[in-house]
Every structure is written in structure tokens, then in C-alpha cells.
Amino acid sequence: MLSTLALAAAIQLPTQAQELAPGARYDPEIPTLEEVAGHGFREAVTPPDDVIRYMEALAAAAPERTRLIRYAESWEGRPLVVLVIGSPERLARLEEVKAGIARLADPRGLSDAEAETLLAELPVVTALMHGVHGNEISSSGAAMAEAYHLLAATGDADVDLILSESLVLIDPMENPDERNRFVYQNGIAQARWPDEAGVSAEHDEPWPGGRGNHYLFDLNRDLFIQSQPETRGKVDIFLEYRPQIVADLHEMGGDATYFFPPTAPPSNPWYGEQQIALMDVFGEAIGARFDARGFAYFNRDVYDLFYPGYVDMWPMGHGALGMTYEQASARALVLRRSDGDLLTYGDGVLHHFTAAIETALTSARNRERILRDYLAFRREGIALGERGAAEIVLHSAHDPGMAERLAGLLAENGIEVYRASGPVTVGDRTLAADASFIVPLDQPTHRFIHNLLDANVPMEEDFVRRQIERRANRQPDEIYDLTAWSQALLWDVEAIETPATGTRGEAIATGEGLLEAGGAQAGVPAADVPALPEALVGYLIPWGTNGAAAVAEALREGIRIRAAGAEFTLDGRRFGVGTAIVRAAENDPGLPGRLAGIAARHGAEVVPIDDAYVREGMSLGSRRVRALREPRVLLVYDAPGRSLSVGWARYVLERRYGQRTTAVRASSLGRARLTDYDVIVFPSGSYGGVVGDGLLDGLRAWMRDGGTLITMAESSRWASRAGLLATETERRGGRAESDDPPEPDTPEQPIEYLDAISPEDESPEGVPGAILRAVLDTEHWLTAGTDGEIGVLVEGARVFRPITLDEGTNVGRYADLDSLVLSGIVWEESRPQLASKAFLIHQSVGRGQLVAFAEDPNYRAYAEATQLLFMNAVLLGPGR
């Protein structure tokens, strides 16, 4: 492959610039990358298989100083590894070292004398993470060079200090599937000589690019939700080795230089002062090293310290110092920058290598301070919990499975969570034990608990004021990512702070499998689950996240199921819309065993019934009861769909809910036989360029014949413009998008300056990632499993007018102005325009329907409440 050709052969570089570390001498017994893969560290973009082969070769050459750990396997079956490097003495006592660090991490009962002994003996643990985005290519090259340098350098006092005072964890490739995609696409696009033009094919990645993983997720936003195997394995390593320093090495635009902390504002208020202060120690050290080598850099700009779901920010929640490093990317072997200079892949490797080695050295030099700061953070968490409310109770009366899954999520993040041992009294309320979980606040992860569950994590007031001023002048804000992510709000689970309830029962352990792919619990084979009791009539499955996942599997396995179209009460218990009805007479005699296994795998409740005589509500034989079948789902794939939205939808369908799905490229949609499918999902994107008049007519006819079309975010806007959806989006001030711009008024004197310079026709004020309250129509089948209000993640500038009653139903709308914002920043100008506008629209089309979401319901796979609405459309829509 051309990508393995030596860069130096095509581009002449000074000999000095080729050196990793000036003056370094290396042990010939430690293999070089050239000996293993046929090229040097800075000469080629190494394919993922060769990255692994090289790390294996290093581990084999220095077994007394390394441990190579395979911590996960990607969706496409590629290994993810971390190479642990330390002195022979440390590695010989590795389990003892890990136990000592775990004792620092949980200092409850740790005496000062014991702490001092540990602080004197333990190494600092530095984790160097590389390539979380597959097309950020130079970091993996640097990772291999870092490992080689630490193992092969001889007579190097800095390396000796690193090995004596620390353990270094090197993850060379956090996203192997997409590195493989990049190497393949880059290789087939390469010319005879590396092309420096930014518009050339080797720099121009086809959809979906090489940033995301197999399911097109941004793995650098997945740390606390852990929806992807690459992330789950990484967090397991973090919790096992508990690194105190974590550096995550990235790439950015080719016209930049190099970024390392200190970061830009804002800072997350739940991080510790010691962590922030320590950041400057590392910044100064790397700056001095870069100055000595003539490398340009910047800091305190662009990259902030606010969102807790990054690879480097997740450890901050546990008391470590996390840092992002960003290198200007050649995105191939060489790039001609806009200033005329050449940037090479080798430059990126060298800069990253230099920053990483200096990070490890600075960690070693400050070993005791770093460990003391880490211990202080963990102790402060316990103390904070002892001073305030003693516990947070997680509770969901309408969907206990949601509360259980959120409890499992927290446990997977290293937070102690307990099942309630009995009914929980909170104020004047008594909460059912099976729907309640206890999170004690007097634990080392106190700050992280609040960071994930609190309704609001405030930004610094000065920073927010500056953004308001920038917006008034029509400048983009400086908010890097979301302003809200409360998992309690997005999962529609109450998080109630309370004094100790006395109901702490069994602990939920990490690895229990509550978050396994496909929504199923691990380790529950059907053969090991007792069959359900025989029931004369059959079984009811209350609808909710776990119930919906169980129904999806049951339909896939051929079990006949019907769904309630209204509420009913049976044997004194109320059952909601969507409740699955599984009649014994309509299924084979093995139903009790089969259904028991499915329910156990998904944590779903199954209620046997011997009597179907309903005394209140809908009868079980009513016409409002609908027969379900396994839906045949088509997911529109490829451009112009937004890759993240496509990936999120596909993951939620296939992995979270286990729904078989056919992905059809948008350009091939016209060749698909629409009658082969019951549901067509258009992820966010504008499809006007690929869906012409003929296909639009075909979609209308398909819906009239019973098809369910689902749109979201930008695809809902496209559906409105295309005439499929009978409402439209608004411009700023409430003007319909289709209306002509207003005539400019003749200004009166004196004028208001900001009013005078404001454009007459603008998009609505954008929302920078906040959570709004949505009010739902609980009688509509699309809201099955909800309690009438949920939190919705809103990002962007879409405002949909409510659909009129003659055209459809506003199943979900944003709340009134006074109660609109649940969490995060929503600009004052945005709130009146968003209040009471449509979030979820149902529009009947013949025997079928169009279901339109104003936002993406599958956002990052952690908006569980809106994901359920999406799956309601998929599972309950066909055949209605």
C-alpha cells in the first residue's frame, strides 16, 4: 500500500528534524518500527494491525519492564491494548502497587501514617492515550515512538527517572476500526507522490470520515455513558490502574500549531483546585521543551475544561489531572498550509512524542505532589458528603427498569450504588423498593456523582456574560460542547437528595451487565432461568425501556404479541398504554420458558394473568389492542445524513434494542422496494439532493399503505420543506420559513445600535446543548412508558410550529416559558420562541404515518427517555 512508502524519500527533511530525542542512544535489542513494519515512526501511517504487532514485539523484547493488556475488542473484532511500562521492581510487584493505589483512591479508614507510607512508596501512574478519533493519525505513530524510547533509551537520566518514579500506560490506538478505515481510504486515494494539496483525494475523506468508530460514535464523548466496547474497556483500565495523570493526544486543523493546557474557560466547578493548579506545572514544562526545540504552540484558547465525558475529563471526576493535546493535522503524509509552509505527518509524530515524554517526565518529577493531591481530592469527596445530604435516591415509578439501568451506569463509572432493601421514605413520600436505588454521597466520587446527576452544572458568570455580548454582535459563542448532560433528566429518573434513608441494601457491582449491548443483561442464559408460572390467559409486559427491548426480542423470536392502545386496570393494578399482551392461546406450549429467558436477559417485568375481565379502562379484546409484528426497518445511511445521527440511530436499533435493520445508502434509496419495509428512518440531514419528486411520491404512497416514516432534527426540517410534514420551521421572531423577509422599516432617530445592525432575516437563536422540558400526550401510543414529562436534549436553531389539529397531533411540545429550561444555557432571546413549540409530531397518512422529532432522540445514546419514544415509533407504529 502506498501509505507505507517512506515520507523522507519524497520530502527532504533536515537530519536533525528526523530525531525523536536529540542525542538519544538506543539499545539494539529493542526492535524498531522499521524492523517490524518496514517503515520508521515518522515515515508512514501505520495500519492498525501493525500497530498491535509492534506493541507485542516491544512487550516480548522487554518482558520484565512491560505488561501488554488487551482490554477490549472493537465492534469489528480488532484488539485494543495498553502497554504498561515501569521498572522491573515495580512490574514484579504490580498487583501490590495496584492495591496500594486503590487504597489511596478509597481512603475511608486510612490513617495518616498508612497514607504517608503509601505516598512514599507508590509510583505515580501516567496514562498516555492516542487516536480516539481514527483519522487523527500522528498520535498512534507517537505512541509507538514513546514506547520504544522508554524501553530502548540507554544512559538517559530522564527515562531512568520516569521508570523509577512512575508507571506509564500507553494506549496506542483507542479507535482501531476507524484508523483502519482511514488507512484504507487514504491508501486507495494516494498519488504516485504524496500530494500536499488540501483538496486532493488523499486529504478528502469520503462519508462518514474516519473520526467515529464502527457505529460512527465520537468515542471522545462516550466516557460516562460507555455505550461502545472501546469505551467500556478503557474505563475498566482506568478503574483498575487509577492513573493520576491522563493525557489524550488528538489532531486539529492543519493551519493550527500545537495545543496543550492550561485550557480555555470555562472550567467545570466539580473539579478540584489542586487539579487546576497542577495543570500549569505541566504546561510550563511542555512549553519549555517546545521552546527548546523550536515548536510553536498555544494554550488557554479553544479547548475548555467543562464537559465530563471526554477521555481526559472523565478522570478529572475521579481526582486525576486530565489534559487534551492537539496537533495540527496533515491528514495524510504532507499538507501545504495556507501560509505556504509544509506540514508533514512526521511533524505531528515528533510534536506528540515530545509532549508525551515531557508529560511522563513531569509526572515523575512531581510524583509525591500528584499523589497527595489525588488523595486530598478523594478525601474531600467523602468529607463533602458527610457535611450535606447523605444520599441521592434514584427512583422511577413509571419505569423501574430505567432507574435500575441508571444505577448500573453509575456503578460502571466507579460510583457506589445500592439497591433499596425496602420501601424508601423521602419526606412525605414512600417509594417502592424495586423502583429505588441508593447513592451514598459520603464516598470518594462525591463530585462526580453531582456532575452526572445534578440538574445544572453552572458555567462561570464572566464567561457567560462574554458569550451574551458576542451573540449580540452576531459573533459565534465560545462554548465548545454541551452546557447540560444531567443523566437523571435525560433518563427521566428522579434524583432526590435526602438524609440517610436506612434502606441501603445490596451493592451494584461494576460488570453486572446492566449496560451490555442490545439492552440485555450478561450472564443470563435462558436455560438457567426458571420458567414463568403457567397462566390461563397469558402474560402482560409493562411498557418501558426494558419491556420494549424484551418485546423486540420476543417478536424477533416469533412470539405473538399485542399492545394495549389505552390504559386499563386488572386485579387492582393500573397498566399503561403500550402494555404488551402475550396470550397463551396464541403461542406454543413453550411460551413460559421462552418468555422467562427473554425477560431475564432484559430485566423486564412479566405479569401472569388468569383473568382478562377488566373492570376499569380498556378491555383486552378491544379494537384498541393492536397486533404487533417484528418491524422490517430501513435506515437511510450515508450522505447527506449526518454521520453521528446515522450511527446513533443504528446503534439504538441494533444494539440497544436488538432490532434487525437494513441500512440503505441514500443514493440507493430509489432502488429499494419500499413495500419490503414497515419503517423507514431518516437520520438528521437534508435529503433534498437525493430524494426527488418521484421518490417523494413513492414515500407518500408507501405511508398511505401503512408505512411509518420517522424523521428527526434536520431531516424533519427537510420533510417540512419537501411537503411531507404539514408544518414548518420558523425564522427568528416567529416568522415562518416560507414567508418572504419583512420589509425594512425606516429607522427613527435616535436609533438603538444593536437593533440597527441586526439582520432582518435570521435563523432562531441557537441553543448550545441544553435540556428543555417536554410535555407529552400520555394517551397517545407514541408516549408509552412515560409519565407525561421528559427532558429533551436541544442543540441548534430549529423551531417547529405546532401542527394543526386537522393535520396531526402534537404528541410532545416544549413547556411554557416559565418552566421551559431544565438544565443548561438557553439564551433569553430563544426562550419565548421555543416555549410551547412542537417537539414530537404524529401525522396520519392514509393507513400509515409520519413521526417527526424536532431534535435527535438518540443523541449520543444517553438520552434514554427520547430513545424510548423513537423505539415506540419503530415497534408500535407498524400496523396501526
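Just so it is clear, the values below take in all heavy atoms, side chains as well, and ignore hydrogens, waters and symmetry mates.
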Next item on the list: Look up atom OH in Tyr418 and atom CG in Leu394, then write down how far apart they are to the nearest 0.5 Å.
Entry: 13.5 Å
Next item on the list: Answer yes if the side chains of Trp543 and Asp399 hold a donor-acceptor pair under 3.5 Å, and no otherwise.
Entry: no
Note to self: Can a donor-acceptor pair be found, under 3.5 Å and without considering hydrogens, that links the side chain of Arg556 to the backbone of Gly658?
What the structure shows: yes
Next item on the list: Hey, could you give me the CZ/OG1 distance between Arg615 and Thr569, rounded to the nearest 0.5 Å?
Entry: 11.5 Å
Check: Are the side chain of Glu391 and the backbone of Thr501 linked by a donor-acceptor contact shorter than 3.5 Å?
Finding: yes
Item checked: Side-chain H-bond candidate by donor/acceptor type, Thr661 with Glu654, under 3.5 Å -> no
Next item on the list: Could you grab the distance from atom CZ of Phe217 to atom CD of Gln228, nearest 0.5 Å is fine?
Entry: 4.5 Å
Notebook entry, point to check: Are any of the side-chain nitrogens in Glu586 or Arg562 under 4.0 Å away from the carboxylate oxygens of its partner?
Noted result: yes
Check: Does any donor atom in the side chain of Glu494 or Ser396 lie under 3.5 Å from an acceptor atom in the other side chain?
Finding: no
Notebook entry, point to check: About how many Å separate CE of Met402 and CG of Asp787, when rounded to the nearest 0.5 Å?
Noted result: 9.5 Å
Checklist line | Side-chain donor/acceptor of Thr231 to backbone N/O of Leu223, under 3.5 Å | finding: no
Check: Cation over ring, Arg656 on Tyr651, under 6.0 Å and within 45°?
Finding: no
Next item on the list: Hey, could you give me the CG/OG1 distance between Asp676 and Thr662, rounded to the nearest 0.5 Å?
Entry: 9.0 Å
Check: Side chains of His842 and Thr809: do they bring a donor and an acceptor to under 3.5 Å?
Finding: no
Next item on the list: Kindly indicate, with the supporting measurements, whether the criterion side-chain contact (heavy atoms from CB on, under 4.5 Å) is fulfilled by Ile841 and Val851.
Entry: CA-CA 6 Å; Ile841 295 171; Val851 177; over 6 Å; no
Notebook entry, point to check: Side chain of Glu855, backbone of Glu795: donor and acceptor closer than 3.5 Å?
Noted result: yes
Item checked: Separation of Phe682 CZ from Leu850 CG (nearest 0.5 Å) -> 9.5 Å
Next item on the list: If the plane angle is over 60° it's perpendicular, under 30° parallel, otherwise tilted; pick one for Trp648 and Tyr859.
Entry: tilted
Check: Using 30° and 60° as the class limits, which term best fits the ring planes of Phe224 and Tyr862: parallel, tilted or perpendicular?
Finding: parallel
Next item on the list: State whether the side chain of Asp678 and the backbone N or O of Arg632 hold a donor-acceptor pair below 3.5 Å, judged by distance alone.
Entry: yes
Check: Got a salt bridge between Glu779 and Arg624, using NZ or NE/NH1/NH2 to carboxylate O under 4.0 Å?
Finding: no
